[in-house]
Amino acid sequence: MTIETTQTPNFIRAIIEEDLASGKHKTVITRFPPEPNGYLHIGHAKSICINFGLAGDFGGRCHLRFDDTNPAKEEVEYAESIKESVRWLGFDWGEHLYYASDYFEQLYQWGEQLVRQGDAYVDDLSADEIRAYRGTLTETGKESPYRNRSADENLELFRRMRAGEFPDGSRVLRAKIDMSSPNLNLRDPVMYRILHAPHPHAGEKWCIYPMYDYAHGQSDSIEGITHSICTLEFEDHRPLYDWFLDRLGIYPPRQYEFARLNLTYTVMSKRKLLQLVQDGDVRGWDDPRMPTLVGLRRRGYTPDAIRSFCERIGVGRSDSWIDMSILEESVREDLNERAPRAMAVLRPLKLVIDNYPEDLVEEFTVANHPQKPEAGSRTIPFCREVWIETDDFLEEPPKGFHRLAPGQEVRLRYAYIVRCTGVVRDGAGNVIEVRCSYDPDTHTGGPAAGRKVKGVIHWVSALHAIEAEVRLYDRLFTEPNPAGDEWKSFVNLHSVEILTSCRLEPSLKEAAPESRYQFERQGYFCVDAKDSTPGKPVFNRTVTLRDSWAKLDKGDQGNSKA
RNA sequence: UGGGGUGUCGCCAAGCGGUAAGGCAACGGACUCUGACUCCGUCAUUCCGAGGUUCAAAUCCUCGCACCCCAGCCA
């Protein structure tokens with residue numbers, strides 16, 4: 001492994017390079033430490049990419065460690081989902097899967113050590129009293145009347161806490177630091193609370209559980225983590241992180257903080273995501289509109305696209321809001337490379353070619369990818385009646401409209417040039433059918449194939465099309481930053497449009513779950529893994545193609561599709 | 001009003017005393033049987049502001065300003 005990397009430099013990378021160069025560390029060991037209390041989202045992906053990415057780049061390793069110190073909120077199902085998402089993203093922790101709860105005994109022994117050293121004490125104050133004694137941002141705190149118990153008394157009490165002699169909330173073990181510290185985290189932080197509850201991983205062994213601050217640094221120490229990378233809000237905790245390690249006299253990893261990801265037009269907090277699910281704003285954690293990894297996956301995002309996104313946004317310490325367009329561009333770039341093309345008509349309009357033989361069916365061989373011959377080809381049937389996109393025909397076309405209109409010519413992609421000769425209307429005057437004539441010499445490869453027409457539109461043979469459901473997704477919120485108490489009022493009520501009678505080319509009939517296609521001229525689509533059945537695929541639109549016509553047409557500055 | 005942070009193009013982000021990388025967006029243009037892709041070009045005399053040090057400052061010093069985080073027996 002070489003230490004050379006091509007990535008954009010960032011401060012953490014710089015620190016690691018220095019540590020390696022100075023000999024402070026011989027290798028780099030990082031960790032991704034989720035609490036198994038929910039699903040991973042794109043913000044976690046950033047952390048995963050940083051931690052696993054750095055370890056990989058420098059030939060070190062990254063541990064997956066569940067920070068499972070609060071049994072009240074955690075479940076094994078979450079842990080399983082987290083493991084699957086990390087794997088899906090393309091990272092491998094090898095043998096290094098850990099649980100903070102596996103360190104509970106060691107943590108407890110260290111707790112006794114701190115008690116013996118006079119660095120921790122059992123406090124009988126209630127939660128409310130502890131809060132009141134803590135003081136405020138501007139007023140110093142007050143010492144608990146139980147703060148100066150003897151080491152022996154504390155030890156006995158701590159052991160009895162572990163033994164289950166006291167009810168929940170009756171006592172805690174606290175670090176004895178400084179009630180007047182301007183850093184609230186140092187005002188005798190709680191180390192252990194009593195919680196008579198089974199633990200999803202540790203089972204029934206414990207009725208006292210360590211707090212994050214007391215468990216995290218020591219877990220890092222046990223695992224020999226060299227660089228403990230977390231988000232900015234833990235910066236104030238670093239002195240405490242260092243304090244425990246110092247008092248315990250054990251190997252001290254160093255903590256470094258980076259700015260968490262904020263993405264426009266979505267929310268990232270577990271609380272808000274949960275509320276969206278509970279309120280029925282979305283159809284679950286894996287709803288394709290959710291910024292969760294399971295949601296993005298179902299939407300059709302690839303692991304490569306997400307990793308590329310994380311690379312593009314960089315790692316810094318300033319609060320930032322990443323524009324959704326960067327995420328979208330990341331998938332487009334990836335899918336443009338890998339997605340086979342197909343033709344699909346989302347809002348069908350019948351087109352009848354009057355001078356095409358009634359019973360003739362032709363089969364055209366077309367490339368699966370215009371720039372990649374190695375992607376192979378397929379055949380698509382053509383006949384006298386085809387479906388075209390409703391949007392591709394306008395009776396009164398605006399200037400610059402390169403599609404079909406009365407009297408105008410357009411090419412049916414891979415087939416012929418047709419000229420619109422008329423329309424058929426229903427009783428209400430709506431156009432229900434477009435009539436045209438075709439020029440037999442203009443077929444791809446034919447004598448007049450080179451004839452230029454302004455537009456090319458996609459189509460699907462009416463005789464052979466399969467009917468399918470396609471779901472079009474838009475951003476979940478109408479505001480770039482849906483913050484504040486009224487954040488729910490910014491939920492985009494039109495974030496999904498379900499089209500049930502789309503007409504797809506027959507080759508799509510057996511498309512495999514999760515396979516991705518570019519529907520030409522429209523966007524990238526993915527076979528929904530949950531709702532599709534054999535022979536009856538349901539497609540989710542991952543992202544639209546860039547559409548400079550729509551931008552001109554609507555004078556639309558943003559990317560929203562309304 | 002205590003403490004900890006952050007401020008470089010519309011959004012991210014390099015830069016670490018030697019005269020502003022890159023990506024996304026935007027805007028021109030070329031190409032095109034996807035108005036896609038691709039390609040070519042444009043896009044910060046200026047780095048939150050004001051002083052100061054220096055031959056030379058986004059980078060050092062001083063004083064301001066703005067924004068973010070912290071008062072869970074959550075992580």
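So you know, we letter chains A, B, ... as the sequences are listed, proteins then strands, and number each from 1.
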Name the nucleic acid region contacted by [X], choosing base, sugar-phosphate or nothing; use a 4.0 angstrom heavy-atom cut-off, strictly under.
| X | value |
| --- | --- |
| R174(A) | nothing |
| L263(A) | nothing |
| N10(A) | sugar-phosphate |
| V172(A) | base |
| I130(A) | base |
| P370(A) | base |
| F364(A) | nothing |
| V453(A) | nothing |
| K454(A) | nothing |

Criterion side chain to side chain contact (heavy atoms under 4.5 Å, CB included) on Y133(A) and R147(A), from CA distance to verdict: CA-CA 12 Å; Y133(A) 274 64; R147(A) 194 174 199 259; over 6 Å; no

Looking only at atom [atom1], what distance separates [N] and [M], rounded to whole Å?
| N | M | atom1 | value |
| --- | --- | --- | --- |
| U54(B) | U8(B) | C1' | 22 Å |
| A44(B) | A14(B) | C1' | 14 Å |
| A71(B) | C12(B) | P | 26 Å |
| C55(B) | U19(B) | C1' | 12 Å |
| C48(B) | A25(B) | P | 26 Å |
| A21(B) | C47(B) | C1' | 14 Å |
| A66(B) | G72(B) | C1' | 30 Å |
| C40(B) | C63(B) | P | 50 Å |

Roughly how far, to the nearest 0.5 Å, is [atom2] of [Y] from [atom1] of [X]?
| X | Y | atom1 | atom2 | answer |
| --- | --- | --- | --- | --- |
| S180(A) | R187(A) | OG | CZ | 7.5 Å |
| I50(A) | R13(A) | CD1 | CZ | 10.0 Å |
| C502(A) | L508(A) | SG | CG | 11.0 Å |

Closest to the [X] side chain: [options]?
| X | options | result |
| --- | --- | --- |
| D323(A) | U34(B), C11(B), C24(B) | C11(B) |
| D319(A) | G4(B), C68(B), G2(B) | C68(B) |
| R546(A) | A26(B), G3(B), A71(B) | A26(B) |
| R521(A) | G35(B), G7(B), G23(B) | G35(B) |
| R341(A) | A25(B), G35(B), U34(B) | U34(B) |
| I313(A) | C12(B), U34(B), G35(B) | C12(B) |
| R312(A) | C24(B), G35(B), C69(B) | C24(B) |
| I322(A) | C12(B), A25(B), U34(B) | C12(B) |

What is the base-pairing partner of [N], counting Watson-Crick and G-U wobble geometry with both distances under 3.5 Å?
| N | value |
| --- | --- |
| U6(B) | A66(B) |
| C73(B) | none |
| C27(B) | G41(B) |

Ring-on-base stacking A75(B) with Y212(A) (under 5.5 Å, under 30°):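 So Y212(A) does not count as stacking on the base.
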
Ring-on-base stacking A75(B) with H216(A) (under 5.5 Å, under 30°):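 Taking the rule of under 5.5 Å and under 30°, the ring of H216(A) does not stack on A75(B).
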
At less than 4.0 Å, is any side-chain N or O atom of [X] found next to OP1 or OP2 of [N]? Yes or no.
| X | N | answer |
| --- | --- | --- |
| R134(A) | G2(B) | no |
| R317(A) | U6(B) | yes |
| S318(A) | A13(B) | yes |
| T264(A) | C11(B) | no |
| R65(A) | A75(B) | no |
| R193(A) | C74(B) | yes |
| S548(A) | A36(B) | yes |

Gap between atoms [atom1] and [atom2], on [X] and [N] respectively (whole Å):
| X | N | atom1 | atom2 | value |
| --- | --- | --- | --- | --- |
| M179(A) | G2(B) | CE | C1' | 15 Å |
| N336(A) | C37(B) | CG | C1' | 5 Å |
| L240(A) | A75(B) | CG | P | 13 Å |
| Q255(A) | G4(B) | CD | P | 16 Å |
| M161(A) | C73(B) | CE | P | 13 Å |
| E329(A) | C12(B) | CD | P | 18 Å |
| Y265(A) | C12(B) | OH | C1' | 16 Å |

Relative to each other, are the rings of [X] and [Y] parallel, tilted or perpendicular (30° and 60° limits)?
| X | Y | answer |
| --- | --- | --- |
| H199(A) | Y209(A) | parallel |
| Y78(A) | Y39(A) | perpendicular |
| Y108(A) | W206(A) | tilted |
| F477(A) | W487(A) | tilted |

Return yes if the base of [N] and the side-chain atoms of [X] contain a donor-acceptor N/O pair under 3.5 Å, otherwise no.
| X | N | value |
| --- | --- | --- |
| D547(A) | G35(B) | no |
| Q371(A) | U38(B) | no |
| R238(A) | G4(B) | no |
| H237(A) | A75(B) | yes |

A14(A) or H369(A), whichever maps to the more 5' nucleotide of RNA chain B: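 Nearest nucleotide further toward 5': that of A14(A).
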
Residue whose nearest RNA chain B nucleotide is more 5′ - P9(A) or R411(A):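 Here P9(A) is the residue nearer the 5' end.
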
Option from F382(A), Y416(A), Y414(A) for which ring pair (Phe, Tyr, Trp, His ring centres under 6.0 Å) with H443(A) holds: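 Looking at F382(A), Y416(A), Y414(A), the match for H443(A) under the ring pair (Phe, Tyr, Trp, His ring centres under 6.0 Å) is Y416(A).
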
Pair H63(A)-N51(A), side-chain donor/acceptor within less than 3.5 Å: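 No, because no side-chain N or O of H63(A) sits under 3.5 Å from a partner of the opposite role on N51(A).
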
